[in-house]
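Every chain is numbered from 1, with letters handed out A, B, ... down the list of sequences.
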Number of protein chains: 2
Amino acid sequence: MNKELHELIKGPAVAVDTVVMAINKDELKTLLIKIGSGPYKDKWAVPGGLIQLNEIPEKAAIRVLKNKTNIQRGHLEQLYTFGDPDRDVRGNIISIAHLLLIPDLEKYILKTVDFYTDIGWFSVNKLPVTAFDHNKIINLAHKRLKDKMTYSTIASSLLPKYFTFTELQRVYEIVWRRRIDKRNFRKRMTDVDIIIPVNKFKKGSFRPAQLYKFKENRLVYF
Amino acid sequence: MNKELHELIKGPAVAVDTVVMAINKDELKTLLIKIGSGPYKDKWAVPGGLIQLNEIPEKAAIRVLKNKTNIQRGHLEQLYTFGDPDRDVRGNIISIAHLLLIPDLEKYILKTVDFYTDIGWFSVNKLPVTAFDHNKIINLAHKRLKDKMTYSTIASSLLPKYFTFTELQRVYEIVWRRRIDKRNFRKRMTDVDIIIPVNKFKKGSFRPAQLYKFKENRLVYF
DNA sequence: GCAAAAGTGTTGACAATACACCCATGC
DNA sequence: GCATGGGTGTATTGTCAACACTTTTGC
């Protein structure tokens, strides 16, 4: 950061940071990149970067993600804006934190850029040491996801188009970190009327499971 | 706004806007100031201003409020960050919107500064034409307040230190815009155990009313 | 026939709602 | 004594949690 330029407009710079979350192998995971140099060398960080002039924050989040992780779509929403001037020793940077949900992390080929020495998925329950206040941001993202799953269809963004009732339930169990009764879960999901069966079944060495899809693609509150 | 300077750091400027809310005469009111010149002349606006370098957004919100309205304390929380580059025709300004709650608007002597030609309280149900996206910000503030009153002690910030059960209920009725049954309300508030009676009574030409206070001054979730 | 996951109802506890009358005071 | 707001209990309904067995398939 160039501090003199900041002084000229007497204001902080603005960045976007995006907590990417996905379910994989019965765990909620988030995507981190390892910083290659500077005061935070070898620390893991939530992917982020400066917003450009006349750029909508959501667009900036996607641009930065595509550049630094090779991920370029998913359900995106704003989380909170962190503005403590001491959060980054390199200068006063205000960060608009976002949450991005994707359905299947194994579909993505991760790629990052030179400044970062590594990129990878981490269980939110076993996070490495992170730079800045990124642990706080990840925890906030997890909390938002937990809360919003009780009254909206946000879980749809963590699932493929077609899924079984059990797969849907596992998403809830993993994010909420607790077991759910199968019958109560099915009753509740049927009552709120957000998923519908499709004429397909998942097969395996067991009884075929009815596949479902969400009634609407957009986020619905119930 | 000086566009050249922005180009140098290739980023937007950052402002804070604060929706001040209070209850008065059985209405939820918000504080607006009337813009004196420029493209938004004679439009009403939520008080706001640019954040300074190395300034925490919350501090900036209070500084700007004190300067432009003469209000300098209350319960403050962040609402949302609005970043659409087109929201202000004068330049790319990202605004961190806040909500400030105060207990008794009649205690404040409003004062504004030269750039504004008027200042006043408006019922959130009868808003004038506002500049920018300020109508949206006020509606979001109202929604946040409504929602948060169902599971927290945030209503305490709209009341004086001591209050009657009826006064507390009126705050809920005004913000929620619906009547509440007196007995059910008292049972619920007693169950969640957030207020305690004090050894004082409110007198009038009727039976004296027990005064209560909130158990804790800080915001508690139940 | 057995392993593995799918699918299905009932009961009890608690929370939210609906509803009406008497009480204490000032004037 | 009457006007004004203060204060109280019960019955009903709806929602959430606890709980176990049968079904269908592949091998």
remark   = When rounded to whole Å, the NZ to P distance for the pair Lys202(B) and dG6(D) reads 7 Å

message = I'd like to know if Glu173(A) pairs up with Arg179(A) as an ion pair, taking the criterion as any Lys NZ or Arg NE/NH1/NH2 lying under 4.0 Å from an Asp or Glu carboxylate oxygen.
response = yes

query = Going by the angle between their ring planes, with limits at 30° and 60°, are Tyr151(A) and Tyr221(A) parallel, tilted or perpendicular?
reply = parallel

query = Which residue lies toward the 5' end of DNA chain C, Lys187(A) or Lys182(B), if each is placed at its nearest nucleotide?
reply = Lys187(A)

ask   = Can you tell me how far C1' of dA24(C) sits from NZ of Lys203(B), to the nearest Å?
value = 11 Å

note = Contacts of Arg183(A) and Ser205(B) projected onto DNA chain D by closest heavy atom; the upstream (5') one is Ser205(B)

ask   = If only side-chain N and O atoms of Thr166(B) are considered, is one of them under 4.0 Å from the OP1 or OP2 phosphate oxygen of dG5(D)?
value = no

query = CG of Asn184(B) versus C1' of dC19(C): gap in Å, rounded?
reply = 9 Å

inquiry  = Suppose we screen for side-chain contact (heavy atoms from CB on, under 4.5 Å). Which residues come up paired with Val124(B), at least two apart in sequence or across chains?
reply    = Met21(B), Leu28(B), Thr30(B), Ile138(B), His142(B)

request  = Taking side-chain contact (heavy atoms from CB on, under 4.5 Å) as the test, write out the residues that go with Val113(B), two or more places apart.
outcome  = Asn67(B), Lys68(B), Tyr116(B)

ask   = Rounded to the Å, how far apart are Arg207(A) CZ and dT24(D) C1'?
value = 5 Å

ask   = Could you state the CG-C1' distance from Leu211(A) to dA6(C), rounded to the nearest angstrom?
value = 12 Å

request  = Would you mind reading off the distance between Arg186(B) atom CZ and dG5(D) atom P, rounded to a whole angstrom?
outcome  = 14 Å

request  = Can you tell me the distance, in whole Å, between the CZ atom of Phe206(A) and the P atom of dT22(D)?
outcome  = 22 Å

query = Could you state the CZ-P distance from Arg170(B) to dG5(D), rounded to the nearest angstrom?
reply = 12 Å

